[in-house]
2 protein chains.
Amino acid sequence: MEGGQLQAVENNQSLAERLFVTLRGEIVEGQLAAGSKISEPELARRFSASRGSLREALMRLESLGLLERRVHVGARVVDLTERGLLDLYEVREALEGMACRLAAQNRSDEDLTELRQMLARHEQQEELQAGKAYFQPEGDFDFHFRIVQASKNDLLIDTLCNRLYYRVRMYRYQLGMASPRAKRAFREHSHIIEAIEAGDGELAELLMRRHIRASRNNIEKKLTTET
Amino acid sequence: MEGGQLQAVENNQSLAERLFVTLRGEIVEGQLAAGSKISEPELARRFSASRGSLREALMRLESLGLLERRVHVGARVVDLTERGLLDLYEVREALEGMACRLAAQNRSDEDLTELRQMLARHEQQEELQAGKAYFQPEGDFDFHFRIVQASKNDLLIDTLCNRLYYRVRMYRYQLGMASPRAKRAFREHSHIIEAIEAGDGELAELLMRRHIRASRNNIEKKLTTET
DNA sequence: TCAACCCAGATTGTCGACAATCTTTATAAG
DNA sequence: CTTATAAAGATTGTCGACAATCTGGGTTGA
């Protein structure tokens with residue numbers, strides 16, 4: 001348990017905000033173990049901050065669903081369950097499907113060119129490390145992320161990119177989720193972009209939902225056979 | 001601006017929690033006007049609470065999307081825009097559609113009987129006040145609410161019932177949304193329940209999405225003709 | 001031996017005060 | 001008269017201390 005370095009982030013923000021960002025990272029990457037209890041005094045000492053500022057950060061983490069607080073008992077990091085992971089996939093299927101439908105309607109030309117560039121980069125990476133058998137996970141995130149932004153629905157963007165995003169990353173880091181085969185994921189992404197370019201929202205939604213559901217089924221199968 | 005009565009809620013909760021619930025109600029019903037600035041010292045005095053406790057309540061409200069805070073500037077109640085209302089419908093279409101699909105799979109027998117009872121009550125009410133031309137809005141909420149709970153997906157339930165729910169109510173109260181015709185809404189609800197009972201998730205999702213999209217289109221048309 | 005009760009220690013909730021920052025108003029220069 | 005500058009006032013962010021509550025261990029009684 002090191003003396004904590006606060007990330008610089010943006011220097012002009014509030015202390016509570018920096019604490020929030022730092023702790024969020026530690027929870028996602030598992031340095032603050034899933035299921036473990038949070039001691040306010042201890043964490044406050046570790047960052048040389050007051051309990052008040054720390055508490056503000058904790059409450060933001062709670063609203064992200066990264067920890068649970070109970071009155072007069074304290075905060076615990078959420079624990080990762082198979083059920084929670086599968087639930088998350090179902091919500092993503094619904095929301096990202098809708099995001100694709102809307103992106104096909106509302107995308108700007110700039111959105112489209114950026115998506116195409118991103119896809120090209122992924123293809124290069126894939127060819128370079130063809131043997132490596134898995135996709136850059138961050139690249140996959142970026143792709144989904146970028147599509148959501150093209151939907152132009154602020155509530156949808158906030159829900160997916162600010163609220164569910166970190167939960168997804170937490171599962172990826174700590175349950176080391178099966179990443180779909182690079183080749184197949186690449187082709188699916190490619191088809192989704194084509195549907196978006198063609199303005200076919202119905203197809204774009206269908207493809208994205210199938211894409212996400214395939215991942216979910218993959219995980220579900222792996223979990224039921226392993227346990 | 002009255003001296004504020006804190007709702008009893010549950011007496012054994014924290015002060016910040018009670019402040020949160022009270023303020024949430026005032027924002028939803030418009031007593032704290034949309035778009036208006038929040039003065040921490042003023043509100044704290046009004047409830048005879050410290051600024052610290054009040055700030056905790058404000059932060060929870062922020063995470064509900066009911067107010068926006070900017071560093072060193074303060075909090076404002078969100079303002080209601082047509083765009084925001086339409087965005088909200090799109091997110092609900094995606095999430096409640098998925099909730100219906102899952103409810104068809106995962107509902108308990110108890111869920112189903114409660115839904116049927118609820119529908120029966122609505123039919124009675126409707127016959128009683130047939131001329132009144134509009135549905136009890138709370139009844140409609142309850143119906144959607146109850147379906148979501150039958151989905152058994154905790155993340156979905158939390159997102160819809162704890163996060164989006166109050167935003168929906170806020171728009172209903174303050175923009176006095178067009179409530180769909182009672183007769184038609186009732187029939188649509190009835191068909192949705194039948195699909196859920198039959199375990200036909202695909203149909204249930206389709207019907208719910210159509211149901212919500214019809215409301216959205218109704219609003220959209222009304223807004224574009226009025227302005 | 002086991003259960004209920006009680007006490008001590010620690011943790012969380014709440015408060016008031018101080019420091020940093022923003023907004024507004026008044027002033028002065030162009 | 002307009003614009004820029006600067007001081008004053010108010011608001012927000014941060015802190016440390018006190019009160020209310022929970023947790024764990026020990027004691028007492030059946």
| query | So what does Gly74(B) touch, heavy atoms closer than 4.0 Å: a base, only the sugar-phosphate, or nothing? | reply | sugar-phosphate

| Salt-bridge contact Glu205(B)-Arg209(A) (side-chain N to carboxylate O under 4.0 Å) | yes

| Is the closest basic N to carboxylate O distance between Arg146(A) and Asp111(A) below 4.0 Å? | yes

| task | Take the protein atom NE2 of His72(B) and the nucleotide atom C1' of dC22(C), then report the distance between them rounded to whole Å. | result | 8 Å

| field | chain B footprint on DNA chain D, 5' to 3' - any atom under 4.0 Å from a heavy atom | value | dT12(D) to dT14(D)

| field | Ionic contact status for Arg107(A) with Asp109(A), cut-off 4.0 Å | value | yes

| query | Which part of the nucleic acid does Ile38(A) contact within heavy-atom distance under 4.0 Å: base, sugar-phosphate only, or nothing? | reply | sugar-phosphate

| task | Please determine if Arg18(A) and Glu56(A) form a salt bridge, counting it only when a charged side-chain N lies under 4.0 Å from a carboxylate O. | result | no

| request: Hey, which sits more toward the 5' end of DNA chain D by its nearest nucleotide, Val73(A) or Ala49(A)? | output: Ala49(A)

| From CG (Leu86(B)) to CG (Asn153(A)), nearest 0.5 Å | 9.5 Å

| task | Give a yes or no on whether a salt bridge exists between Glu220(B) and Arg216(B), defined as a side-chain N under 4.0 angstrom from a carboxylate O. | result | yes

